[in-house]
Amino acid sequence: MQVDLNTVDWKTLPFGYYDTDYNVRCYYRNGQWGKIEVTSSKDISIHMAATCLHYGQEGFEGLKAYTGKDGKVRIFRVEENAKRIQNTANRVLMAVPPVELFREMVHTVVKANKRFVPPYGYGATLYIRPLLIGMSPEVGVKPSDEYLLLMFVTPVGPYFKDGFKPVDMMISRNYDRAAPQGTGTVKVGGNYAASLLSLAEAKKLGYSSTIYLDAKEKKYIDECGPANFFGIKGKTFVTPKSESILPSITNKSLQQLAEHLGYKVERRQVPFEELAEFSETAECGTAAVITPIKKIVDPVAGKEFTYGDGVNPGPVCTELFTKYTAIQFGEAPDPFGWTEVVDL
Ligand SMILES: *Cc1c(COP(=O)(O)O)cnc(C)c1O
């Protein structure tokens with residue numbers, strides 16, 4: 001189903017899948033990447049023994065295109081997403097797409113679907129989903145010879161429908177998402193499959209999402225299912241350093257912004273008990289930028305940590321969120337060179 005562009009309410013549009021006009025594809029065959037293909041087909045033809053289906057030879061990305069105050073459409077740090085999918089490809093032995101191919105495909109898919117890029121003023125964006133999969137049939141455990149890099153887009157509304165609101169989180173004590181030296185540092189679908197049960201159980205108990213501790217010692221904060229974690233202590237931005245978390249581009253950029261605004265940034269192990277010492281805590285990722293947290297519950301240890309007045313986001317999260325999104329929507333200068341304009 002497509003959104004009806006005449007009647008759509010951009011403000012309440014969910015973060016879900018809607019059809020657009022085109023998607024772009026590039027195949028890796030006989031040791032090289034082919035030409036970029038633009039297609040309106042939503043289906044892919046895939047061999048039933050393809051390695052992506054059986055052995056999880058798969059990686060993906062997520063980024064957005066934003067209509068700015070000046071009407072120009074910008075994409076955010078596309079090179080970082082390109083480098084990250086290269087790391088993912090290297091980790092699960094897939095063909096590595098060149099940064100320039102990745103960038104060209106992102107520009108092409110946005111341009112081809114320009115009528116679906118939400119207008120300025122609603123917080124809505126065009127979400128871009130690149131996907132890299134192993135295509136050739138194998139029964140033995142070995143990497144594919146052929147790969148498909150595909151990108152589709154879908155318009156999404158603002159993450160916070162009724163304003164920027166804090167959520168409750170649960171520590172995941174019964175399940176790990178990723179192991180040290182495993183695949184936690186790369187963006188593979190298997191990590192998400194591993195997190196679904198934990199997330200479903202947390203949601204059933206009324207929590208928005210889970211926070212994982214390090215799988216080895218269960219002493220340090222790792223990250224939240226699909227988002228990184230940070231805490232604020234005075235004028236310091238603290239975020240976990242670990243061998244099993246995904247390097248979030250939002251987190252990296254927030255660290256740069258925080259430093260620019262005079263905060264000190266610490267990337268280090270964050271012991272679980274330190275949750276009691278933060279004035280604010282939050283999740284961060286492309287979808288929401290910052291999701292402030294008002295309560296973290298550890299059902300096993302019987303502990304509860306609360307932040308702020310239980311209703312409103314804290315002042316630091318608010319400042320970072322406001323300044324960060326102002327750069328994305330072209331409302332403020334971009335001193336970091338994070339954005340690039342799509343030539344529509
Ligand atoms: C994608 C992802 C994030 C967020 O990364 P961004 O680049 O900020 O969108 C965080 N954690 C995990 C596990 C992820 O897959």
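Predicted model, so just to flag it, every value in this text is computed and none were measured. FYI, the numbering just counts along the sequence from 1.
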Problem - Side-chain donor/acceptor of Ser144 to backbone N/O of Met135, under 3.5 Å - result: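 It does hold such a pair.
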
Heavy atoms of other groups near [X] [atom1], more than 12 under 6.0 Å:
X: Lys233; atom1: NZ; value: yes
X: Lys216; atom1: NZ; value: no
X: Tyr122; atom1: OH; value: no
X: Asp4; atom1: CG; value: yes

Under 4.0 Å between a Lys/Arg side-chain N and an Asp/Glu carboxylate O for [X] and [Y]?
X: Lys218; Y: Asp176; value: yes
X: Arg173; Y: Asp298; value: yes
X: Glu61; Y: Arg84; value: yes
X: Glu266; Y: Lys241; value: no
X: Arg268; Y: Glu274; value: yes
X: Glu79; Y: Arg103; value: yes

Practice task
Indicate the ring-plane relationship of Phe321 and Phe164, choosing parallel, tilted or perpendicular according to the 30° and 60° boundaries.
Solution key: parallel

Donor-acceptor pairs are to be reported for all side-chain atoms of residues 22-35 against protein atoms at under 3.5 Å, with residues two or more places apart or in another chain.
unit_1	atom_1	unit_2	atom_2	d
Asn23	OD1	Arg25	NE	2.7
Asn23	OD1	Arg25	NH2	3.2
Asn23	ND2	Ser41	O	2.8
Arg25	NH1	Asp43	O	3.1
Arg25	NH2	Ser41	O	2.9
Arg25	NH2	Asp43	O	3.1
Tyr28	OH	Gly31	O	3.3
Trp33	NE1	Val96	O	3.3

Handout entry: Non-neighbouring partners of Tyr207 that pass ring pair (Phe, Tyr, Trp, His ring centres under 6.0 Å), sequence neighbours left out
Key =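 Expected list: none.
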
Exercise for the section: Kindly say whether the aromatic ring centers of Tyr192 and Phe60 come within a distance under 6.0 Å. Expected result: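 Yes, the ring centres sit under 6.0 Å apart.
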
Which atoms form the tightest heavy-atom contact between [X] and [Y], and what is the distance?
X: Trp10; Y: Pro155; result: CZ3-CB, 3.8 Å
X: Val265; Y: Ala258; result: CG2-CB, 4.2 Å
X: Ile36; Y: Met105; result: CD1-CG, 3.6 Å
X: Asp21; Y: Arg115; result: OD2-NE, 2.7 Å
X: Val117; Y: Leu126; result: CG2-CD2, 3.9 Å
X: Ile290; Y: Cys317; result: CD1-O, 3.9 Å

Exercise for the section: For residues Gln255 and Arg267, determine if any side-chain heavy atom of one lies less than 4.5 Å from a side-chain heavy atom of the other. Expected result: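 Yes, at least one pair of side-chain atoms sits under 4.5 Å.
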
